[in-house]
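Input: a single structure, listed below in structure tokens.
Each chain gets a letter, A, B and so on, in the order the sequences are listed, and its residues count up from 1. The basis for the numbers below is simple: all heavy atoms, side chains too, and nothing from hydrogens, waters or symmetry mates.
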2 protein chains.
Amino acid sequence: MPKRVDHEQRRRQIGEALLRIASTRGLQSATMREVAAEAGVSLRLVQYYFHTKEQLLLAALAYLAQQLTERVSASIRALGPITSRAVVYGTLTAILPTDEESVRLTRAYTGFYTLVFSSEAEMATRHGATYPDKLESLLATQIAAAQEAGEVVTDVDPPLTAAALLALTNGLGSSVLGGQRDGAAALRILNDQLDRLFHTGESSTAKDSSHGS
Amino acid sequence: MPKRVDHEQRRRQIGEALLRIASTRGLQSATMREVAAEAGVSLRLVQYYFHTKEQLLLAALAYLAQQLTERVSASIRALGPITSRAVVYGTLTAILPTDEESVRLTRAYTGFYTLVFSSEAEMATRHGATYPDKLESLLATQIAAAQEAGEVVTDVDPPLTAAALLALTNGLGSSVLGGQRDGAAALRILNDQLDRLFHTGESSTAKDSSHGS
DNA sequence: CCTTTTCTGATACGAACGTATCATGATGCG
DNA sequence: CGCATCATGATACGTTCGTATCAGAAAAGG
């Protein structure tokens, strides 16, 4: 038997190359040959590890979801005390394209997302719908908890508000990716809304309490 | 000279065919041949009226923007008395995919939008950025006017809030297009937010004041 | 040592794309 | 009445895509 290389590492290397292309040149530029070149391997190797292109896309999407999840929990963890507000703030800012990494992730994610409602897309049911739903119910739970703690007024509907916050963040992300505004401006808008929800008087972010334009 | 047909009508017929494809099978399925078949003309005719595919896309985008604009003003007009709140409500609900026409428009629009930050896209500067900006400043003006009228509390920042509302609506639209929820659910979420902004006590929509899940 | 299995490379194939070319009715003007 | 010109049709070309095929190198096992 031959050199016995780590298959999973190889697959990951190729999948990451696809994500890199998706976040720079767009998913429609992620052809088999481009991915192979980006990963520094031959086209045959890509075919060897992924029999078909759909398998490659599916694997790359899984890698992307994993990275997104890791980023969300890292963002929450970085905020220190795990309060409901920190979870909400950390979750939303993690998926807002503000720094280089989040721009990469959201760009790639948007590519997959639009691939879903174009093609008949059997991959729609796999990740596309379940991932935002999880995020949304997580947010709803935290908002309800914040209500119990008196940080949020009781007349807001947690599921409705959670959905609104997530949709707001996604919409802001799209505007950043589309070049309408930069990440800092999007963050200001999000913070403004969060401040209105969590009526503690202080701004959500630690570094700056003013949100003037 | 031959039959002397109306060129503009022909171009429109072909452009609409592209939009129809974009909103059903996706923009990447809108090939020259598909557009020709959808419009019921020959491929040569499409080439005759649009020398290159980019010209066709540009023209179709212009048609789409025009239809969107018309829909927004029609939606505002249908609300009767032109109050600030009606303008805001009419604008946002017009671009939310709730009925068949708005689904068509938003689907097509999303296709163009994602085409922009994939390709180097010279068409990004033409419509992509200016259209949302116009909507946003319109909303900001109306929110400020509502503040003057006492319908909105004075501590909200009109530009920031306008941006948030538009981003929220876009995000909700994406979730509807992605199949995460239906148009009615998205409308409930939007109404919930508008009710919180315009503290008149009544729901924004005329038909139902409850927003329970 | 040599077989057998695992991995990698070069190249070919059919389809679909955007675009270009050749050819041909139809019509209004001189 | 013809002929130049606008409008349309049929088809070809070169490229790129996903995928398939043919084949060679490298290392464990007998």
Side-chain angles (χ1 to χ4, degrees), chain A residues 1-15 17-22 24-61 111-112 114-116 118-123, chain B residues 1-22 24-61 111-112 114-115 118-123:
Chain A
M1 297 170 181
K3 226 187 325 184
R4 226 67 221 245
V5 304
D6 187 346
H7 281 214
E8 193 48 43
Q9 173 191 330
R10 280 288 209 203
R11 291 170 60 89
R12 189 147 209 127
Q13 170 189 1
I14 296 172
L18 186 144
L19 292 181
R20 227 173 301 135
I21 293 177
T24 53
R25 274 162 287 170
L27 233 181
Q28 88 291 350
S29 295
T31 94
M32 291 284 187
R33 289 166 174 83
E34 287 269 342
V35 171
E38 175 71 30
V41 299
S42 72
L43 168 62
R44 183 64 183 83
L45 202 66
V46 179
Q47 289 187 269
Y48 183 76
Y49 285 103
F50 303 97
H51 264 61
T52 173
K53 188 180 185 179
E54 190 179 0
Q55 290 183 19
L56 170 57
L57 286 172
L58 246 14
L61 179 56
F112 280 100
T114 56
L115 189 73
V116 155
S118 297
S119 152
E120 307 80 42
E122 316 305 330
M123 67 197 280
Chain B
M1 298 173 181
K3 227 186 322 182
R4 227 65 220 241
V5 303
D6 185 347
H7 280 215
E8 194 48 43
Q9 173 191 331
R10 282 287 209 203
R11 291 170 60 89
R12 187 143 210 130
Q13 170 188 1
I14 296 172
E16 300 280 3
L18 186 144
L19 292 182
R20 227 172 302 134
I21 293 177
T24 53
R25 277 161 286 171
L27 233 181
Q28 88 292 346
S29 295
T31 94
M32 291 283 190
R33 289 167 175 84
E34 287 269 340
V35 171
E38 175 72 29
V41 299
S42 72
L43 169 62
R44 181 65 184 82
L45 204 66
V46 178
Q47 288 186 271
Y48 183 76
Y49 286 103
F50 303 97
H51 266 60
T52 174
K53 188 179 185 180
E54 189 179 0
Q55 290 184 20
L56 171 56
L57 286 172
L58 247 13
L61 179 56
F112 280 99
T114 57
L115 190 74
S118 297
S119 152
E120 307 81 43
E122 317 304 331
M123 65 197 281

Whole angstroms only, please: what is the [atom1]-[atom2] distance between [X] and [N]?
{"X": "A:L56", "N": "D:dT19", "atom1": "CG", "atom2": "C1'", "result": "14 Å"}
{"X": "B:L27", "N": "C:dC17", "atom1": "CG", "atom2": "P", "result": "14 Å"}
{"X": "A:Q9", "N": "C:dC7", "atom1": "CD", "atom2": "P", "result": "13 Å"}
{"X": "A:Q55", "N": "D:dG18", "atom1": "CD", "atom2": "P", "result": "14 Å"}
{"X": "B:K53", "N": "C:dC17", "atom1": "NZ", "atom2": "C1'", "result": "8 Å"}
{"X": "B:L45", "N": "D:dA10", "atom1": "CG", "atom2": "P", "result": "12 Å"}

Is there a side-chain polar atom (N or O) of [X] under 4.0 Å from OP1 or OP2 of [N]?
{"X": "B:T52", "N": "C:dT19", "answer": "yes"}
{"X": "A:Y48", "N": "C:dT8", "answer": "no"}
{"X": "A:Y49", "N": "C:dT8", "answer": "yes"}

Rounded at 0.5 Å granularity, tell me how far [atom1] in [X] sits from [atom2] in [Y].
{"X": "B:Q9", "Y": "B:Y49", "atom1": "CD", "atom2": "OH", "value": "9.0 Å"}
{"X": "B:S29", "Y": "B:I21", "atom1": "OG", "atom2": "CD1", "value": "8.0 Å"}
{"X": "A:L56", "Y": "A:H51", "atom1": "CG", "atom2": "NE2", "value": "13.5 Å"}
{"X": "A:Y48", "Y": "A:L43", "atom1": "OH", "atom2": "CG", "value": "15.0 Å"}
{"X": "B:L19", "Y": "B:L27", "atom1": "CG", "atom2": "CG", "value": "8.5 Å"}
{"X": "A:T31", "Y": "A:E38", "atom1": "OG1", "atom2": "CD", "value": "11.5 Å"}

B:R12 and B:E16 ion-paired at < 4.0 Å: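 Result for this pair is yes, salt bridge flagged.
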
Members of residues 30-44 of chain A that approach DNA chain C, where some heavy atom sits under 4.0 Å away: A:R33, A:S42, A:R44

Criterion side-chain contact (heavy atoms from CB on, under 4.5 Å) on A:R10 and A:L45, from CA distance to verdict: CA-CA 9 Å; A:R10 280 288 209 203; A:L45 202 66; 4.1 Å; yes

Closest nucleotide among C:dT19, C:dT6, D:dT19 to the A:Q47 side chain: D:dT19

Whether B:Q13 side chain and B:A39 backbone form a donor-acceptor pair below 3.5 Å: yes

Stem list, DNA chain C (Watson-Crick or G-U pairing under 3.5 Å, at least 3 consecutive pairs):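 As far as DNA chain C goes, consecutive pairing (with distances under 3.5 Å) yields the stems C:3-5 with D:26-28, C:7-30 with D:1-24.
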
